[in-house]
Amino acid sequence: MTLKKVPARFYLTPSGGNPVRDWLVALPVEDKRRIGQDIGTVEYGWPVGMPLCRNMGEGLWEVRCSLPSRRIARVLFCLVGSELMLLHGFIKKTQKTPPNDLALARKRQKEIER
C-alpha cells in the first residue's frame, strides 16, 4: 500500500467553520469525485506540476480541475509542514484567477502560518 506523501487537511476558520469542505459538499457528486481524485493525485504524487498543479507564488498553489459538469474548479492550498492545507475552493468563471479568491486564500495562509 502506498502512503500519501503529503496528506490534505481542510482549513478551519478561527470560529471552527470549514469553508472548503462546505463548498465541496454543495457540488454535484461527479464534480466532488473529480476534485477528490485530483487532490488525491497531489497527495500521493507531490510534487506535481502542470497541468494539474500550478505555483501561484509566495507558497500558494492551485489544484486545477476540469469538472464533468463542463466547469473549471480551483482549490488553492499551501504546504504546512508535511501536509497540504486546502485554503479555498471556487468555480472559475474567468481566464485569470479572480483577485478576491486569491486574496482570501492568502489571508487564510497568513492566519495559519502565524
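Computed from a predicted model, the values in this text were never measured in an experiment. Scope of the values below: all heavy atoms of this structure, side chains included, with no hydrogens, waters or symmetry mates.
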Would you name the heavy atoms of [X] and [Y] that are closest together and state the gap between them?
X     : Y     : value
Met56 : Trp61 : CG-C, 4.0 Å
Gly45 : Lys5  : C-CD, 4.3 Å
Pro28 : Arg71 : CD-NH2, 3.8 Å
Pro7  : Ser82 : CD-O, 3.4 Å
Pro51 : Arg64 : O-NE, 2.9 Å

Do [X] and [Y] sit in the same hydrophobic cluster, where Ile, Leu, Val, Met, Phe, Trp and Tyr count as joined when their side-chain heavy atoms come under 4.5 Å apart?
X     : Y      : answer
Val6  : Leu52  : yes
Leu60 : Ile112 : yes
Val80 : Val42  : no
Phe77 : Val48  : yes
Tyr11 : Leu84  : no

Can you measure from [atom1] ([X]) to [atom2] ([Y]) and round to the nearest 0.5 angstrom?
X      : Y      : atom1 : atom2 : answer
Ile39  : Cys65  : CD1   : SG    : 6.5 Å
Glu83  : Glu43  : CD    : CD    : 10.0 Å
Gln109 : Leu79  : CD    : CG    : 9.5 Å
Glu58  : Leu102 : CD    : CG    : 9.0 Å
Asp31  : Arg70  : CG    : CZ    : 12.5 Å

**Asked** Do Trp23 and Val75 have side-chain heavy atoms sitting under 4.5 Å apart?
**Response** yes
May I have the list of side-chain donor-acceptor pairs in residues 85-100 shorter than 3.5 Å, sequence neighbours left out?
from  : atom 1 : to     : atom 2 : distance (Å)
His88 : NE2    : Asp101 : OD1    : 2.6
Lys92 : NZ     : Gln95  : O      : 2.8
Thr94 : OG1    : Lys96  : O      : 2.7

**Request:** Quick one: list whatever passes side-chain hydrogen bond (donor to acceptor under 3.5 Å, both in side chains) with Lys32, sequence neighbours left out.
**Result:** none
**Message:** I'd like to know if Glu30 pairs up with Arg34 as an ion pair, taking the criterion as any Lys NZ or Arg NE/NH1/NH2 lying under 4.0 Å from an Asp or Glu carboxylate oxygen.
**Reply:** no
